[in-house]
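Let me begin by presenting the structure, written as structure tokens, before commenting on it.
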Amino acid sequence: MTATHEMVMVGVSDSGTEEWLCPECGRRTLMRWQPDYEKVVLDVGDELATHFGGRGGARMPTGKVNPEIQERDVEWLRRHGIDWHGQPS
């Protein structure tokens, strides 16, 4: 079973870019949301762990992913910087 680590938001720049940290393994990322979504990994941390997190009381739960995803959904994810087939984004 894959380890799960919870990311916590540790800062926000004046431009709105969020810095996220995994206290368990040291993974650090920068997140910029719509309209110009971008994720930059500053420190990789544990690449085998599943990282999750949320802000404002919302949480993204871990769990199994439905393998029946439609190609149109894969395209939507790709347009938003998410590669569904496991390639680094």
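All values reported here derive from a predicted model rather than from experimental measurement. Sequential numbering from 1 along the given sequence is applied to the chain's residues.
For the atom pair Met7 CE and Glu19 CD, the distance stands at 9.0 Å (nearest 0.5 Å). Separating the CZ atom in Arg27 from the NE2 atom in His5 is a distance of 11.0 Å, to the nearest 0.5 Å. Atoms NE2 and CD, on His51 and Glu6 in that order, are 11.0 Å from each other to the nearest 0.5 Å. To the nearest 0.5 Å, atom OG1 of residue Thr17 and atom CE of residue Met31 are 10.5 Å apart.
In this structure, Leu42 is not a member of the same hydrophobic cluster as Met9, with clusters built from ILVMFWY side-chain heavy atoms closer than 4.5 Å. Side-chain heavy atoms closer than 4.5 Å link hydrophobic residues (I, L, V, M, F, W, Y) into clusters, and following such links, even through other members, never connects Val8 to Trp33.
Applying the salt bridge (charged side-chain N to carboxylate O under 4.0 Å, His left out) rule to pairs touching residues 41-54 yields Arg28-Asp43, sequence neighbours excluded.
Hydrophobic cluster of Leu48: no remaining members, since no ILVMFWY side chain lies below 4.5 Å from it.
Applying the salt bridge (charged side-chain N to carboxylate O under 4.0 Å, His left out) rule to Arg32 yields the partners Glu38; only residues at least two apart in sequence or on another chain are considered.
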